[in-house]
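Only one structure is covered here, and it is reproduced in the block below.
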Number of protein chains: 2
Amino acid sequence: MGQKGEALRQRIVVSADQLFYQKGYESTSFSDIADDVGISRGNFYYHFKSKDEILNAVIETRLTEIEQMLNEWSKQYTDPKQRIVEHIDILTNHQDKIKNHGCPVGSLCAELAKQNHSMLRDANKMFAVQRDWLTVQLKELGLGKEARQVAMHLLARSQGIATLTNAFEDQNFLRQEVKQLKQWLGEQIQGQNKNGN
Amino acid sequence: MGQKGEALRQRIVVSADQLFYQKGYESTSFSDIADDVGISRGNFYYHFKSKDEILNAVIETRLTEIEQMLNEWSKQYTDPKQRIVEHIDILTNHQDKIKNHGCPVGSLCAELAKQNHSMLRDANKMFAVQRDWLTVQLKELGLGKEARQVAMHLLARSQGIATLTNAFEDQNFLRQEVKQLKQWLGEQIQGQNKNGN
DNA sequence: GACTAATTAGGACGACTGTATTATTTTGCA
DNA sequence: TGCAAAATAATACAGTCGTCCTAATTAGTC
């Protein structure tokens, strides 16, 4: 695989990533991706020998991007609370896309679950890395064993917000809930300090 | 439309309802439904002249069922808090299905949103009736203008729980979060009483 | 029992799907 | 320049999709 092939492969993954998010995995055909990339349909089989292989590449790419994002926040902010707030603000920063297409992670997992697709176990790693990162931040804030549970709770809250924002096509609801969620986070940390630890 | 036709029509809707939930709308073909009902594929066009028409019938059926369920609770329980608890317990009572297929309402809305399907605005009524019913219960508990917002919050929490239970195929998480959600509901009502109203 | 309407089965239609093969063009190196 | 490898295009394949049409069967009514 030379440079040119690798570059095109990357372009295919980028297009597939966007289309899977916008239209869903199954509704996105080879032709859709080919048209988006600007190559012939037949050229695909040189780079990916099945649709699942593209899905796998997309999941790996997203996973890497999520990890990079989280690492960057870990570097950029010293306050764990600020890091978590940054995570919550994903919703605000992508409210337009969420309104139209939901959460890229949640909607993909939902689709794969419905199709009994074995790659669900790869897709939900995109949640797992966020859960683990949030757990670390919460422990730095003084939480103990319950940190992981609180992290899952945070993810669930975000997912619920994304789902209803998408269903009602209502960004106002998203902003309203994000405000509440940040408030809840503050109380959670305050309560923890009260308990002394 | 005679009796027999109406009966078969109903059987088609029931099968379509289940299959749309288990496999998703687009992944469910006419053949899938026909096989499930035990009729020929061609027979469909006598009862439904398009796939969207079946979807419409399914949504209407689900909507009616949801309304009946809520009305029954309004009759059966005098305490609005108990009614809301009953609503939360939907999650517990369907944890197996939710683990495998997510929330029937949330996952359908997500799919329709991804396909820019115009019937999303019909599908999200399944959320809206729940929101309105919860709003009534919360107002009976003494909440004011914020009741509607709290109702939406409750729905979002449920959706988040369903999404992650499905993605991680983990019912324990569901039970854990349901417990917390009920606790939160108690605090919410208590806090309301403190403020006097 | 005859006639009309309701209902069902069966198959044809063109379009599209993921997959696969083959031929052609482009690239990089000796 | 020449040649092997990489990359791309073009197209064929069998299957499935939603839709539609028609013929056959069943049911209800006089």
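Throughout, a chain's letter reflects where its sequence line sits, starting with A, and its residues are numbered from 1. Model, not experiment: these values are computed from the prediction.
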Close N/O contacts between protein and nucleotides 22-24 of chain D (under 3.5 Å):
none

Give every pair of a protein N or O atom and an N or O atom of nucleotides 14-17 of chain D that lie under 3.5 Å apart, one pair per line with the distance.
{"unit_1": "dC17(D)", "atom_1": "OP1", "unit_2": "Ser29(B)", "atom_2": "OG", "d": "3.2"}

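Relative ring orientation between His101(A) and Tyr21(A) is described as perpendicular, the plane-to-plane angle rising above 60° on a 0-90° scale split at 30° and 60°. Classified by interplanar angle (parallel below 30°, tilted 30° to 60°, perpendicular above 60°), the ring pair Tyr25(A)/His117(A) is perpendicular. Classified by interplanar angle (parallel below 30°, tilted 30° to 60°, perpendicular above 60°), the ring pair Trp133(B)/Trp73(B) is tilted.
Here Glu140(A) pairs with Arg83(A) in a salt bridge; the nearest charged N to carboxylate O distance falls below 4.0 Å.
Contacts between residues 107-118 of chain A and DNA chain D, defined by a heavy-atom separation under 4.0 Å, are absent.
Listed by chain and residue number, Thr135(B), Leu138(B), Lys139(B), Leu143(B) satisfy the side chain to side chain contact (heavy atoms under 4.5 Å, CB included) test with Ala147(B) (two or more places apart in sequence, or in another chain). For Thr28(A), the side chain to side chain contact (heavy atoms under 4.5 Å, CB included) partners two or more places apart in sequence, or in a different chain, are Leu19(A), Phe20(A), Lys23(A), Asp32(A), Ile33(A).
Asn43(A) has a side-chain polar atom (N or O) that falls below the 4.0 Å cut-off from OP1 or OP2 of dA9(D). Taking only side-chain nitrogens and oxygens, His47(A) never comes nearer than 4.0 Å to OP1 or OP2 of dA6(D).
As a whole-Å value, the separation of Phe44(B) CZ from dA9(C) P is 11 Å. When the C1' atom of dA20(C) is taken as reference, atom CZ of Arg41(A) falls 12 Å away, rounded to whole Å.
Residue pairs meeting the salt bridge (Lys or Arg N to Asp or Glu O under 4.0 Å) criterion with at least one member in residues 119-138 of chain B, sequence neighbours excluded: Glu169(A)-Arg121(B), Asp122(B)-Lys125(B).
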